[in-house]
Student: 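Before we start, here is the structure in question, set down as C-alpha coordinates.
Residue numbers start from 1 in every chain, and the chains themselves are labelled A, B, ... in the order their sequence lines are given, proteins ahead of strands.
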There are 2 protein chains.
Amino acid sequence: MSEDCDEPNQSQGGVAFLLAQLGAHAAARFADRVAELDLTPAQAGLLRMIAVSPGLSQQTYAARLGTPPSRFVVLVDTLQGRNLVERRRGSPDRRSYALHLTGDGERLMGEMGAVGMAHEGDLCAALTASERSALRGMLARIAEQQGLTPGVHPGYRRPAG
Amino acid sequence: MSEDCDEPNQSQGGVAFLLAQLGAHAAARFADRVAELDLTPAQAGLLRMIAVSPGLSQQTYAARLGTPPSRFVVLVDTLQGRNLVERRRGSPDRRSYALHLTGDGERLMGEMGAVGMAHEGDLCAALTASERSALRGMLARIAEQQGLTPGVHPGYRRPAG
DNA sequence: TATTGTTATACTCTATAACTATA
DNA sequence: TATAGTTATAGAGTATAACAATA
(Lines give C-alpha, C1' and ligand atoms only; values in the text may rest on other atoms or scores of the structure.)
Protein backbone atom coordinates (compact mmCIF):
# COMPACT_ATOMS: atom_id res chain seq x y z
CA MET A 1 0.00 0.00 0.00
CA SER A 2 2.70 2.46 -0.89
CA GLU A 3 2.77 3.34 -4.57
CA ASP A 4 -0.88 3.14 -5.70
CA CYS A 5 -0.91 6.17 -7.88
CA ASP A 6 -3.92 5.89 -10.16
CA GLU A 7 -6.42 4.11 -7.95
CA PRO A 8 -9.53 6.15 -7.29
CA ASN A 9 -9.42 5.14 -3.62
CA GLN A 10 -5.99 6.60 -3.00
CA SER A 11 -7.41 9.71 -1.34
CA GLN A 12 -6.45 8.60 2.15
CA GLY A 13 -2.81 8.34 1.05
CA GLY A 14 -2.74 11.24 -1.42
CA VAL A 15 -0.77 14.44 -0.99
CA ALA A 16 -3.90 16.44 -0.19
CA PHE A 17 -4.99 14.20 2.65
CA LEU A 18 -1.48 13.87 4.07
CA LEU A 19 -1.15 17.65 4.04
CA ALA A 20 -4.42 18.09 5.91
CA GLN A 21 -3.58 15.38 8.40
CA LEU A 22 -0.02 16.55 9.04
CA GLY A 23 -1.09 20.18 9.06
CA ALA A 24 -3.59 19.55 11.84
CA HIS A 25 -0.97 17.56 13.70
CA ALA A 26 1.66 20.27 13.31
CA ALA A 27 -0.81 22.92 14.50
CA ALA A 28 -1.81 20.83 17.51
CA ARG A 29 1.78 20.17 18.51
CA PHE A 30 2.59 23.87 18.11
CA ALA A 31 -0.37 24.70 20.33
CA ASP A 32 1.01 22.32 22.98
CA ARG A 33 4.40 24.00 22.85
CA VAL A 34 3.27 27.62 23.03
CA ALA A 35 0.83 26.64 25.79
CA GLU A 36 3.93 26.22 27.96
CA LEU A 37 4.49 29.96 27.45
CA ASP A 38 0.82 30.56 28.37
CA LEU A 39 0.00 31.54 24.79
CA THR A 40 -2.62 30.37 22.32
CA PRO A 41 -1.55 29.94 18.69
CA ALA A 42 -3.53 33.05 17.76
CA GLN A 43 -1.72 35.12 20.41
CA ALA A 44 1.64 33.76 19.28
CA GLY A 45 0.85 34.61 15.67
CA LEU A 46 -0.15 38.15 16.49
CA LEU A 47 2.94 38.71 18.63
CA ARG A 48 5.12 37.66 15.74
CA MET A 49 3.26 39.85 13.31
CA ILE A 50 3.74 42.86 15.58
CA ALA A 51 7.42 41.97 15.98
CA VAL A 52 7.89 41.83 12.22
CA SER A 53 5.80 44.93 11.41
CA PRO A 54 5.43 47.12 14.48
CA GLY A 55 3.47 50.34 14.84
CA LEU A 56 0.52 49.59 12.60
CA SER A 57 -3.12 50.19 13.54
CA GLN A 58 -5.33 47.47 14.97
CA GLN A 59 -7.45 47.45 11.85
CA THR A 60 -4.42 46.83 9.68
CA TYR A 61 -3.31 43.82 11.71
CA ALA A 62 -6.86 42.48 11.84
CA ALA A 63 -7.25 42.83 8.08
CA ARG A 64 -3.94 41.05 7.44
CA LEU A 65 -4.91 38.19 9.72
CA GLY A 66 -8.42 38.05 8.26
CA THR A 67 -10.00 38.25 11.69
CA PRO A 68 -12.96 40.51 12.58
CA PRO A 69 -12.20 43.55 14.76
CA SER A 70 -14.29 42.28 17.67
CA ARG A 71 -12.18 39.17 17.97
CA PHE A 72 -9.01 41.16 17.58
CA VAL A 73 -9.77 43.52 20.46
CA VAL A 74 -9.94 40.78 23.09
CA LEU A 75 -6.74 39.29 21.67
CA VAL A 76 -4.92 42.58 22.24
CA ASP A 77 -6.64 43.10 25.61
CA THR A 78 -5.19 39.84 26.89
CA LEU A 79 -1.68 40.55 25.64
CA GLN A 80 -1.80 44.08 26.99
CA GLY A 81 -3.02 42.78 30.36
CA ARG A 82 0.09 40.62 30.52
CA ASN A 83 2.27 43.59 29.58
CA LEU A 84 3.44 42.02 26.32
CA VAL A 85 1.90 44.56 23.96
CA GLU A 86 1.47 48.31 24.20
CA ARG A 87 -1.26 50.53 22.69
CA ARG A 88 -0.06 53.98 21.62
CA ARG A 89 -2.50 56.58 20.41
CA GLY A 90 -2.03 57.52 16.74
CA SER A 91 -0.29 60.87 16.30
CA PRO A 92 -2.24 62.38 13.39
CA ASP A 93 -5.43 60.39 13.91
CA ARG A 94 -6.19 59.98 17.59
CA ARG A 95 -8.88 57.39 16.99
CA SER A 96 -6.40 54.68 16.11
CA TYR A 97 -3.92 52.77 18.24
CA ALA A 98 -0.44 51.78 17.09
CA LEU A 99 0.67 48.45 18.52
CA HIS A 100 4.17 47.73 19.78
CA LEU A 101 5.85 44.98 21.77
CA THR A 102 6.99 45.82 25.30
CA GLY A 103 10.32 44.66 26.67
CA ASP A 104 8.58 41.61 28.13
CA GLY A 105 7.01 40.98 24.74
CA GLU A 106 10.34 41.03 22.98
CA ARG A 107 11.85 38.72 25.57
CA LEU A 108 8.97 36.30 25.02
CA MET A 109 9.55 36.46 21.27
CA GLY A 110 13.06 35.20 21.94
CA GLU A 111 11.67 32.19 23.78
CA MET A 112 9.22 31.62 20.94
CA GLY A 113 12.11 31.40 18.53
CA ALA A 114 13.58 28.53 20.54
CA VAL A 115 10.19 26.87 20.74
CA GLY A 116 9.80 27.15 16.97
CA MET A 117 13.20 25.60 16.33
CA ALA A 118 12.43 22.66 18.63
CA HIS A 119 9.03 22.22 16.95
CA GLU A 120 10.61 22.21 13.51
CA GLY A 121 13.26 19.70 14.52
CA ASP A 122 10.79 17.36 16.15
CA LEU A 123 8.43 17.41 13.18
CA CYS A 124 11.19 16.75 10.64
CA ALA A 125 12.95 14.04 12.64
CA ALA A 126 12.25 11.48 9.91
CA LEU A 127 14.07 13.48 7.24
CA THR A 128 17.69 14.31 6.44
CA ALA A 129 18.79 17.93 6.17
CA SER A 130 18.72 17.89 2.37
CA GLU A 131 15.29 16.25 2.38
CA ARG A 132 13.98 18.99 4.65
CA SER A 133 15.27 21.57 2.25
CA ALA A 134 13.65 19.85 -0.72
CA LEU A 135 10.39 19.48 1.18
CA ARG A 136 10.37 23.13 2.22
CA GLY A 137 10.96 24.17 -1.36
CA MET A 138 8.08 22.12 -2.71
CA LEU A 139 5.70 23.25 0.02
CA ALA A 140 6.62 26.88 -0.60
CA ARG A 141 5.94 26.47 -4.31
CA ILE A 142 2.53 24.94 -3.63
CA ALA A 143 1.70 27.71 -1.18
CA GLU A 144 2.65 30.37 -3.70
CA GLN A 145 0.75 28.73 -6.57
CA GLN A 146 -2.31 28.44 -4.31
CA GLY A 147 -2.15 32.13 -3.53
CA LEU A 148 -1.50 31.84 0.21
CA THR A 149 -0.18 34.86 2.08
CA PRO A 150 3.29 34.08 3.48
CA GLY A 151 3.34 33.91 7.26
CA VAL A 152 -0.43 34.04 7.78
CA HIS A 153 -2.22 30.99 9.09
CA PRO A 154 -5.83 30.68 7.85
CA GLY A 155 -6.87 29.50 11.31
CA TYR A 156 -7.79 33.09 12.07
CA ARG A 157 -10.73 32.84 9.70
CA ARG A 158 -12.77 29.73 10.39
CA PRO A 159 -12.58 26.60 12.49
CA ALA A 160 -11.54 23.29 10.94
CA GLY A 161 -14.26 21.01 9.58
CA MET B 1 14.15 35.52 1.71
CA SER B 2 14.25 32.02 0.33
CA GLU B 3 17.08 29.95 1.79
CA ASP B 4 17.49 31.30 5.32
CA CYS B 5 18.09 28.03 7.06
CA ASP B 6 19.65 28.82 10.41
CA GLU B 7 17.99 32.09 11.30
CA PRO B 8 15.92 31.99 14.45
CA ASN B 9 13.15 33.93 12.71
CA GLN B 10 12.66 31.41 9.92
CA SER B 11 9.57 29.93 11.60
CA GLN B 12 7.18 31.55 9.13
CA GLY B 13 8.98 29.80 6.27
CA GLY B 14 9.85 26.56 8.02
CA VAL B 15 8.46 23.14 7.18
CA ALA B 16 6.28 23.09 10.29
CA PHE B 17 4.56 26.39 9.51
CA LEU B 18 4.14 25.56 5.83
CA LEU B 19 2.56 22.24 6.78
CA ALA B 20 0.11 23.92 9.13
CA GLN B 21 -0.74 26.64 6.62
CA LEU B 22 -1.11 24.29 3.65
CA GLY B 23 -2.95 21.72 5.76
CA ALA B 24 -5.57 24.25 6.76
CA HIS B 25 -5.84 25.38 3.16
CA ALA B 26 -6.19 21.81 1.87
CA ALA B 27 -8.86 21.08 4.47
CA ALA B 28 -10.79 24.24 3.61
CA ARG B 29 -10.67 23.53 -0.11
CA PHE B 30 -11.80 19.97 0.51
CA ALA B 31 -14.68 21.30 2.60
CA ASP B 32 -15.68 23.54 -0.32
CA ARG B 33 -15.67 20.61 -2.71
CA VAL B 34 -17.64 18.13 -0.62
CA ALA B 35 -20.09 20.92 0.23
CA GLU B 36 -21.22 20.63 -3.40
CA LEU B 37 -22.31 17.10 -2.50
CA ASP B 38 -24.07 18.51 0.59
CA LEU B 39 -21.54 16.89 2.89
CA THR B 40 -19.37 18.19 5.69
CA PRO B 41 -15.80 16.90 5.88
CA ALA B 42 -16.73 14.86 8.95
CA GLN B 43 -19.60 13.21 7.10
CA ALA B 44 -17.37 12.49 4.12
CA GLY B 45 -14.73 10.93 6.35
CA LEU B 46 -17.23 8.70 8.08
CA LEU B 47 -18.75 7.57 4.80
CA ARG B 48 -15.34 6.53 3.56
CA MET B 49 -14.51 4.72 6.77
CA ILE B 50 -17.76 2.75 6.51
CA ALA B 51 -17.01 2.01 2.86
CA VAL B 52 -13.55 0.69 3.74
CA SER B 53 -14.60 -1.25 6.86
CA PRO B 54 -18.35 -1.91 6.80
CA GLY B 55 -20.47 -3.64 9.42
CA LEU B 56 -18.73 -2.44 12.58
CA SER B 57 -20.50 -1.05 15.63
CA GLN B 58 -21.00 2.69 16.16
CA GLN B 59 -18.66 2.62 19.14
CA THR B 60 -15.91 1.07 17.06
CA TYR B 61 -16.14 3.78 14.40
CA ALA B 62 -16.34 6.50 17.03
CA ALA B 63 -13.26 5.15 18.81
CA ARG B 64 -11.30 4.97 15.56
CA LEU B 65 -12.21 8.54 14.68
CA GLY B 66 -11.53 9.71 18.22
CA THR B 67 -14.94 11.36 18.48
CA PRO B 68 -17.27 11.06 21.50
CA PRO B 69 -20.39 8.90 21.03
CA SER B 70 -22.77 11.82 21.43
CA ARG B 71 -21.26 13.62 18.47
CA PHE B 72 -21.19 10.42 16.47
CA VAL B 73 -24.89 9.75 16.86
CA VAL B 74 -26.04 12.95 15.19
CA LEU B 75 -23.51 12.33 12.41
CA VAL B 76 -25.12 8.96 11.66
CA ASP B 77 -28.63 10.40 12.14
CA THR B 78 -28.04 12.91 9.37
CA LEU B 79 -26.58 10.36 6.96
CA GLN B 80 -29.36 7.90 7.72
CA GLY B 81 -31.97 10.61 7.18
CA ARG B 82 -30.56 11.12 3.69
CA ASN B 83 -30.62 7.36 3.07
CA LEU B 84 -26.86 7.11 2.70
CA VAL B 85 -26.18 4.89 5.71
CA GLU B 86 -28.18 2.02 7.21
CA ARG B 87 -28.34 0.88 10.86
CA ARG B 88 -28.72 -2.89 11.31
CA ARG B 89 -29.29 -4.39 14.73
CA GLY B 90 -26.41 -6.59 15.92
CA SER B 91 -27.16 -10.30 15.64
CA PRO B 92 -25.66 -11.63 18.88
CA ASP B 93 -25.88 -8.40 20.87
CA ARG B 94 -29.04 -6.51 20.06
CA ARG B 95 -27.89 -3.37 21.82
CA SER B 96 -25.42 -2.49 19.08
CA TYR B 97 -25.94 -1.30 15.52
CA ALA B 98 -23.83 -2.38 12.55
CA LEU B 99 -23.39 0.40 9.97
CA HIS B 100 -23.53 -0.15 6.22
CA LEU B 101 -23.72 2.08 3.15
CA THR B 102 -26.96 2.03 1.19
CA GLY B 103 -27.03 1.98 -2.62
CA ASP B 104 -27.28 5.76 -2.58
CA GLY B 105 -24.35 5.89 -0.20
CA GLU B 106 -22.16 3.81 -2.49
CA ARG B 107 -23.13 5.93 -5.47
CA LEU B 108 -22.13 9.04 -3.53
CA MET B 109 -18.82 7.42 -2.67
CA GLY B 110 -18.17 7.15 -6.39
CA GLU B 111 -18.71 10.88 -6.78
CA MET B 112 -16.44 11.51 -3.82
CA GLY B 113 -13.69 9.62 -5.56
CA ALA B 114 -13.89 12.03 -8.48
CA VAL B 115 -13.96 14.98 -6.09
CA GLY B 116 -10.86 13.67 -4.33
CA MET B 117 -8.97 13.28 -7.60
CA ALA B 118 -9.83 16.83 -8.67
CA HIS B 119 -8.83 18.14 -5.24
CA GLU B 120 -5.49 16.34 -5.41
CA GLY B 121 -4.78 17.59 -8.91
CA ASP B 122 -5.63 21.17 -8.07
CA LEU B 123 -3.50 21.20 -4.94
CA CYS B 124 -0.47 19.71 -6.68
CA ALA B 125 -0.67 21.86 -9.80
CA ALA B 126 2.73 23.42 -9.06
CA LEU B 127 4.54 20.07 -9.05
CA THR B 128 5.58 17.54 -11.67
CA ALA B 129 4.44 13.93 -11.36
CA SER B 130 7.75 12.75 -9.96
CA GLU B 131 7.81 15.63 -7.49
CA ARG B 132 4.35 14.67 -6.27
CA SER B 133 5.57 11.14 -5.71
CA ALA B 134 8.64 12.33 -3.79
CA LEU B 135 6.50 14.71 -1.72
CA ARG B 136 3.98 12.00 -0.92
CA GLY B 137 6.79 9.71 0.18
CA MET B 138 8.31 12.25 2.55
CA LEU B 139 4.95 13.24 4.02
CA ALA B 140 4.07 9.60 4.60
CA ARG B 141 7.37 9.03 6.39
CA ILE B 142 6.79 12.04 8.64
CA ALA B 143 3.27 10.86 9.39
CA GLU B 144 4.49 7.41 10.32
CA GLN B 145 7.34 8.71 12.46
CA GLN B 146 4.91 11.03 14.26
CA GLY B 147 2.62 8.10 15.04
CA LEU B 148 -0.39 9.29 13.04
CA THR B 149 -3.12 6.78 12.18
CA PRO B 150 -3.33 6.37 8.38
CA GLY B 151 -6.56 7.70 6.94
CA VAL B 152 -7.81 9.40 10.11
CA HIS B 153 -7.95 13.18 10.21
CA PRO B 154 -7.40 14.63 13.70
CA GLY B 155 -10.13 17.19 13.03
CA TYR B 156 -12.53 14.82 14.72
CA ARG B 157 -10.92 15.52 18.05
CA ARG B 158 -10.48 19.22 18.60
CA PRO B 159 -10.91 22.48 16.72
CA ALA B 160 -7.90 24.25 15.25
CA GLY B 161 -6.18 26.97 17.33
C1' DT C 1 -21.43 61.66 7.74
C1' DA C 2 -17.65 58.29 7.91
C1' DT C 3 -14.29 55.65 10.47
C1' DT C 4 -11.57 53.51 14.68
C1' DG C 5 -12.12 50.88 18.26
C1' DT C 6 -15.30 48.65 21.62
C1' DT C 7 -19.14 46.18 23.65
C1' DA C 8 -23.34 43.25 23.41
C1' DT C 9 -25.87 39.73 21.54
C1' DA C 10 -26.80 35.53 19.21
C1' DC C 11 -25.27 31.40 17.06
C1' DT C 12 -22.55 27.15 16.16
C1' DC C 13 -20.05 23.61 17.68
C1' DT C 14 -18.22 20.54 21.14
C1' DA C 15 -17.94 17.63 25.19
C1' DT C 16 -19.71 15.95 29.89
C1' DA C 17 -22.98 13.66 31.93
C1' DA C 18 -27.60 11.88 32.79
C1' DC C 19 -30.86 8.47 30.73
C1' DT C 20 -32.94 3.90 28.23
C1' DA C 21 -32.61 -0.57 26.69
C1' DT C 22 -30.39 -4.66 26.38
C1' DA C 23 -27.25 -7.85 28.40
C1' DT D 1 -24.05 -4.47 37.34
C1' DA D 2 -22.18 -3.21 33.12
C1' DT D 3 -22.39 -1.75 28.23
C1' DA D 4 -24.44 0.34 23.43
C1' DG D 5 -26.67 3.90 22.14
C1' DT D 6 -29.28 8.24 22.92
C1' DT D 7 -30.67 12.69 24.72
C1' DA D 8 -29.99 17.06 27.48
C1' DT D 9 -27.35 20.46 29.20
C1' DA D 10 -23.69 23.55 29.57
C1' DG D 11 -19.50 25.51 27.97
C1' DA D 12 -16.10 27.57 24.58
C1' DG D 13 -15.44 30.14 20.59
C1' DT D 14 -17.11 32.71 16.75
C1' DA D 15 -19.27 36.40 14.00
C1' DT D 16 -22.92 40.10 13.27
C1' DA D 17 -24.35 44.19 14.58
C1' DA D 18 -25.26 48.04 17.71
C1' DC D 19 -22.48 51.69 20.24
C1' DA D 20 -19.04 55.67 21.62
C1' DA D 21 -15.40 58.68 20.31
C1' DT D 22 -12.90 61.10 16.93
C1' DA D 23 -12.44 62.89 12.43
Student: Take the protein atom CG of A:L99 and the nucleotide atom C1' of C:dT4, then report the distance between them rounded to whole Å.
Tutor: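 Spelled out: CG on A:L99 to C1' on C:dT4 is 12 Å.
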Student: Would you please name every residue forming a side-chain hydrogen bond (donor to acceptor under 3.5 Å, both in side chains) with A:R141, sequence neighbours left out?
Tutor: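 Listed in chain order: B:E131.
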Student: Are B:L79 and B:L46 packed together at the side-chain level, in the sense that at least one heavy-atom pair is separated by less than 4.5 angstrom?
Tutor: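 A side-chain contact exists here, since the closest heavy-atom pair is under 4.5 Å.
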Student: Which residue pairs pass the ring-ring contact (aromatic ring centres under 6.0 Å, His included) test when at least one of the two sits in residues 25-46 of chain B, sequence neighbours left out?
Tutor: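 Checked against ring-ring contact (aromatic ring centres under 6.0 Å, His included) - neighbours excluded - the pairs reaching residues 25-46 of chain B are B:F30-B:H119.
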Student: Using whole Å, report how far OH of B:Y97 lies from P of D:dG5.
Tutor: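 It works out to 9 Å between those atoms.
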Student: What pairs meet the salt bridge (charged side-chain N to carboxylate O under 4.0 Å, His left out) rule with one or both residues in residues 49-63 of chain A, with sequence neighbours excluded?
Tutor: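 Listed once each, the pairs would be none.
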Student: Indicate for each nucleotide in nucleotides 17-23 of chain C, in 5' to 3' sequence, whether protein heavy atoms under 4.0 Å reach the base (B), only the sugar-phosphate (S), or nothing (-).
Tutor: B----BS
Student: Under 4.0 Å between any heavy atoms, over every strand shown, what does B:F72 touch: base, sugar-phosphate, or nothing? Just pick one.
Tutor: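 Nothing: the residue B:F72, judged by heavy atoms under 4.0 Å, touches no strand.
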Student: Between C:dT6, D:dG5, D:dA15, which nucleotide gets closest to the side-chain atoms of B:S57?
Tutor: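 Nearest to the side-chain atoms of B:S57, counting from C-beta on, is D:dG5.
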Student: Kindly point out which of D:dT7, C:dT6, D:dA15 is positioned nearest to the side chain of B:D77?
Tutor: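 The listed nucleotide nearest to B:D77's side chain is D:dT7.
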Student: Could you state the atom-to-atom distance from OH of B:Y61 to P of D:dA4 in whole Å?
Tutor: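 Distance check: B:Y61 OH to D:dA4 P gives 15 Å.
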Student: Is B:R71 close enough to D:dG5 that one of its side-chain N or O atoms is under 4.0 Å from OP1 or OP2 there?
Tutor: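 For B:R71, the contact criterion (side-chain N or O under 4.0 Å from OP1 or OP2 of D:dG5) is not met.
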Student: Over how many whole Å does the gap from A:R88 atom CZ to C:dG5 atom C1' extend?
Tutor: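 The answer, rounded to whole Å, is 18 Å.
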Student: What ring-ring contact (aromatic ring centres under 6.0 Å, His included) pairs are there with at least one residue in residues 58-104 of chain A, not counting sequence neighbours?
Tutor: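 The answer is none; no pair qualifies.
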Student: If I take atom CD in residue B:Q58 and atom P in nucleotide D:dT7, what distance separates them, rounded to the nearest angstrom?
Tutor: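 It is 11 Å, rounded to the nearest whole Å.
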Student: Under the salt bridge (charged side-chain N to carboxylate O under 4.0 Å, His left out) test, which residues partner B:R82, sequence neighbours left out?
Tutor: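 Salt bridge (charged side-chain N to carboxylate O under 4.0 Å, His left out) list for B:R82, sorted by chain: empty.
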Student: By nearest heavy atom, map B:P69 and A:V73 onto DNA chain C; which one lands nearer the 5' end?
Tutor: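 The answer here is A:V73.
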